[in-house]
Amino acid sequence: MHRKTIVAANWKMNGDNSLISDMTTALNAITISDEQQVIICPPAPYLGTLSQANTNRRVAIGGQNISEQLKGALTGEVSALMLKDLSVQYVIVGHSERRSLFAETSELVAEKAKLALAQGLTPIVCIGESEQEREGGHTEQVLSQQLAPVLTALESNELSDVVFAYEPVWAIGTGKTASAEMAQQTHRFIREYIAATDADVAEKVAILYGGSVNAGNYQELFSQTDIDGGLIGGASLKVEEFKTICAAE
């Protein structure tokens, strides 16, 4: 099955008004194929500014996280309702940094994904193993444990609207990248694991690779059968490099 390629930028806690101006000027000036979806996920304070500056219909706006609650006395949190109010379409949940630094469990990630869908947002659900887990031969076990709560929490019609992102923790911001063959093998496992729940959904759902993707390796990675694009960190802060990836045919 042909799936659309997704290029998602996760700026993390980086960026400013100048980057938004430079990035939107660059992306507004290029033609992005209808077979490709670009998503920019800036820090929450810049969501409104980015949304107003973006005029390219192939570029969507995404949040980096949401609370599992819609509203309340939760100082510093961002709700799905707030993202919708700013015309945000996507939201990252379960990024490895949220899991490791903020102790988010796979059950909480599943709860956030279900809440996002209920509010009309597309969740980008992140999964991935550490270097120690990879070297210990536990990659598939770790990914299964992270996927299982999501597959249990969501109905098939909900699951088909989810984007998954495989991010080997050892390759994030380190310059290390899984070989295209290694990444494809892991993506194939993820798709087969989802297929055990619903084979039709597994063929439709997008699975992104998120481990030091850049202008030098994205073509080989994206050409793999089960890799449907990338969740891009450092390279998405470099306007010309990200523009090159987004303008690819």
Looking at [X] and [Y], what are the two nearest heavy atoms and their distance?
X	Y	value
Glu107	Pro149	OE2-CG, 3.7 Å
Asn65	Leu83	O-CD1, 4.3 Å
Leu221	Ala183	CD2-CB, 4.1 Å
Ile232	Ala235	CG2-CB, 3.7 Å
Asp161	Pro123	O-CD, 4.3 Å
Ala116	Val91	CB-CG1, 3.8 Å

Which residue pairs pass the salt bridge (Lys or Arg N to Asp or Glu O under 4.0 Å) test when at least one of the two sits in residues 54-64, sequence neighbours left out? Asp34-Arg57

So which pairs with a foot in residues 109-124 pass salt bridge (Lys or Arg N to Asp or Glu O under 4.0 Å), sequence neighbours left out? Glu104-Lys112, Lys114-Glu158

Output the rest of the hydrophobic cluster of Leu208: all Ile, Leu, Val, Met, Phe, Trp and Tyr residues reachable through side-chain heavy-atom contacts under 4.5 Å, sorted by chain and number. Ile6, Ile39, Tyr90, Ile92, Ile124, Val163, Leu231

Using a 4.5 Å cut-off on heavy atoms from C-beta on, say whether the side chain of [Y] contacts that of [X].
X	Y	result
Tyr209	Pro168	yes
Glu203	Arg3	yes
Phe222	Ile245	yes
Gln64	Trp11	yes
Gln89	Ile61	no
Leu47	Val88	yes

Give me the ring orientation class for Phe189 and Tyr193: parallel if the planes are under 30° apart, tilted from 30 to 60°, perpendicular past 60°. tilted

Short N-O contact, Arg191 and Asp228, less than 4.0 angstrom: yes

Closer than 3.5 angstrom, by distance alone: can the side chain of [X] be matched with the main-chain N or O of [Y] as a donor-acceptor pair?
X	Y	answer
Thr25	Asp22	no
Gln146	Gly128	yes
Glu241	Asn214	no
Gln36	Cys246	yes
Ser21	Ser18	no

Will you find, in the side chains of [X] and [Y], an N or O donor that is under 3.5 Å from an N or O acceptor?
X	Y	value
His95	Glu167	yes
Ser156	Asp198	yes
Glu133	Ser130	yes
Thr186	Arg134	yes
Thr55	Asn28	yes

Could you tell me whether Gln185 atom CD has more than 12 heavy atoms of other residues or ligands within 6.0 Å of it? no

What is the distance from atom [atom1] of [X] to atom [atom2] of [Y], rounded to the nearest 0.5 Å?
X	Y	atom1	atom2	value
Arg99	Ser106	CZ	OG	4.0 Å
Phe102	Glu97	CZ	CD	9.0 Å
Thr197	Leu151	OG1	CG	4.5 Å
Lys204	Ile194	NZ	CD1	13.5 Å
Glu129	Gln141	CD	CD	12.0 Å

Side chain to side chain contact (heavy atoms under 4.5 Å, CB included) partners of Leu81, counting only residues at least two apart: Leu70, Lys71, Ser79, Gln119

Going by side chain to side chain contact (heavy atoms under 4.5 Å, CB included), name the residues that satisfy it together with Asn157, two or more places apart in sequence or in a different chain. Glu155

Report whether Leu50 and Leu19 are members of the same hydrophobic cluster (ILVMFWY, side-chain heavy atoms less than 4.5 Å apart, transitive linking). yes

Which residues pass the ring pair (Phe, Tyr, Trp, His ring centres under 6.0 Å) test with Tyr166, not counting sequence neighbours? His187

